[in-house]
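Since the model is a prediction, treat every value here as computed from it, not as a measurement.
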Protein chains: 2
Amino acid sequence: MKDATQNFTAKCRQAGLRVTPQRTAVYKALAATTAHPTAEAVFKKVRRSMPHISLDTVNRTLLTFRDVGLAITVEGSGGARRFDADMTAHQHFRCIKCNRIIDFHHKPFDEIKIPRSLSEKFKVLKKTVYLEGICRACQG
Amino acid sequence: MKDATQNFTAKCRQAGLRVTPQRTAVYKALAATTAHPTAEAVFKKVRRSMPHISLDTVNRTLLTFRDVGLAITVEGSGGARRFDADMTAHQHFRCIKCNRIIDFHHKPFDEIKIPRSLSEKFKVLKKTVYLEGICRACQG
DNA sequence: CTTACTGCAAACCATTTGCACGATC
DNA sequence: GATCGTGCAAATGGTTTGCAGTAAG
């Protein structure tokens, strides 16, 4: 994790982002956990050492981190819940521009094998391949 | 789609659900689209033929459908946005009970191949295997 | 006729936006 | 000093809950 913290300043500069105490604190808090926190959770943590920081700043900072490649958001999380009556085997592709979700079906993806090390620990009820990118309509 | 509609009554009975006009209308609206609509979108559609239906009913109905296996929710959609500073290759397992997200890494999952038919149509920027189930702590 | 479902209202939670002040480069 | 970032406040959007009336079995 040493790398990560050093990497932070470099990535900021590289992306033309200013290195502010808030950003540093948010990054440290996020990098220190594997709990995949929400903005709210990061906010609570950071506030302990920086009582004046606002939730908005944390939120914006985290989104900025994602945009410049310092963090990711867990697949699909964030928007409204979306439903699908199709109960046959299929996978989803989500366009990051228009937010459309497109079904596709690729048999090999139905048959991916869960490693033993996982099925021993967890009861896996659902396994899916999830793709994100840019759909045809949103390209050039 | 004929099957689906017939299946509907059967599945309801089987799950001990009453077959109400609202449920029927919501199911029809959902089954008629591949757009992966939000509750709001389904609501707007259903309201055209059933002006008195409420958004809450649509919401609850859709969640019920998911619980009895008449619909699915798109992976991860619904909750708050969750962040992760880990930029190395890895996958996520989400516990449907405690909502925890657990990292794991299985090399073969990094190397899944996108079929040509997809990469021709879409610019795929991210591909991940996403698992859901019950984590150890939440099991019996 | 009993129990489950619906609709309404309110509360709650997460996210976004505009703007003025302050800090970084 | 110019520009970018922050904090505040308010608005928005989505989801959940409790409750009383209504309809399905």
Query raised in the report: Rounded to whole angstroms, how far apart are CG on A/N99 and C1' on D/dG13?
Result: 14 Å
Query - Whole angstrom value for the distance that separates C1' of D/dT15 from CD of B/E40 - result: 12 Å
Report task. For the pair A/F109 and A/F104, name the ring-plane relationship: parallel under 30°, tilted 30 to 60°, perpendicular over 60°. Result -> perpendicular
Just distance, no hydrogens or angles: give the donor-acceptor pairs under 3.5 Å from side chains in residues 15-22 of chain A, sequence neighbours left out.
from, atom 1, to, atom 2, distance (Å)
A/T20, OG1, A/R23, N, 3.2

Query raised in the report: Over how many whole Å does the gap from A/N59 atom CG to D/dC8 atom C1' extend?
Result: 15 Å
**Report entry** Degree of bending, the helix from C/dC1-D/dG25 to C/dC25-D/dG1 (end axes from five pairs; round to 10°)
**Finding:** 50°
Report summary line: Walking DNA chain C from its 5' end, the first of B/S54 and A/R13 to be reached, judged by nearest nucleotide, is B/S54
Report task. Using chain B heavy atoms and a threshold of under 4.0 Å, write down where along DNA chain C the contacts begin and end, 5' to 3'. Result -> C/dT3 to C/dT16
Requested in this report: Nearest-nucleotide wise, let me know which of B/R60 and A/L17 is further upstream toward the 5' end of DNA chain D.
Outcome: A/L17
Query raised in the report: Between the main-chain N or O of A/D110 and the side-chain N or O of A/K127, is there a donor-acceptor pair closer than 3.5 Å?
Result: yes
Query raised in the report: What is the nucleic acid contact for B/L62, judged by heavy atoms within less than 4.0 Å: base, sugar-phosphate only, or nothing?
Result: nothing
Query raised in the report: Mapping B/T57 and B/A80 onto DNA chain C by nearest heavy atom, which one lands closer to the 5' end?
Result: B/T57
Query - Whole-Å gap separating P (D/dT15) and CG (B/L55) - result: 8 Å
Write out a two-atom table: protein N or O, nucleotide N or O from nucleotides 9-12 of chain D, distance below 3.5 Å.
from, atom 1, to, atom 2, distance (Å)
D/dA9, N6, A/D56, OD2, 2.6

Between side-chain atoms of residues 49-57 of chain B and protein atoms elsewhere (two or more places apart, or another chain), which donor-acceptor pairs fall under 3.5 Å?
from, atom 1, to, atom 2, distance (Å)
B/S49, OG, B/V46, O, 3.3
B/S54, OG, B/T57, N, 3.2
B/S54, OG, B/T57, OG1, 3.1

Report task. Sort and list the pairs that fulfil side chain to side chain donor-acceptor pair (under 3.5 Å) and have at least one residue in residues 79-89 of chain A, not counting sequence neighbours. Result -> A/D84-A/H90, A/D84-A/H92, A/D84-B/H36, A/D86-A/T88
Query raised in the report: Got a second to check how far B/L125's CG is from A/R94's CZ, nearest 0.5 Å?
Result: 11.0 Å
**Report entry** Approximate separation, where rounding is to 0.5 Å, of A/F65 CZ and B/F83 CZ
**Finding:** 10.0 Å
Requested in this report: Evaluate the side-chain proximity of A/I72 to B/M87: yes if any heavy-atom separation is below 4.5 Å, no if none is.
Outcome: yes
Query - Interatomic distance where CD belongs to B/Q22 and C1' belongs to D/dA23 [whole Å] - result: 9 Å
Query raised in the report: Taking atom types as modelled, is there a side-chain donor on B/T128 or A/E75 under 3.5 Å from an acceptor on the other?
Result: yes
Query - Upstream residue (5' side of DNA chain D) when A/H52 and A/R82 are each assigned their closest nucleotide - result: A/H52
Report task. Anything under 30° is parallel, anything over 60° is perpendicular, the rest tilted; go ahead and classify A/Y27 against A/F8. Result -> parallel
Query raised in the report: Can any side-chain N or O of B/K121 pair as donor or acceptor with the backbone N or O of B/R116 at less than 3.5 Å?
Result: no
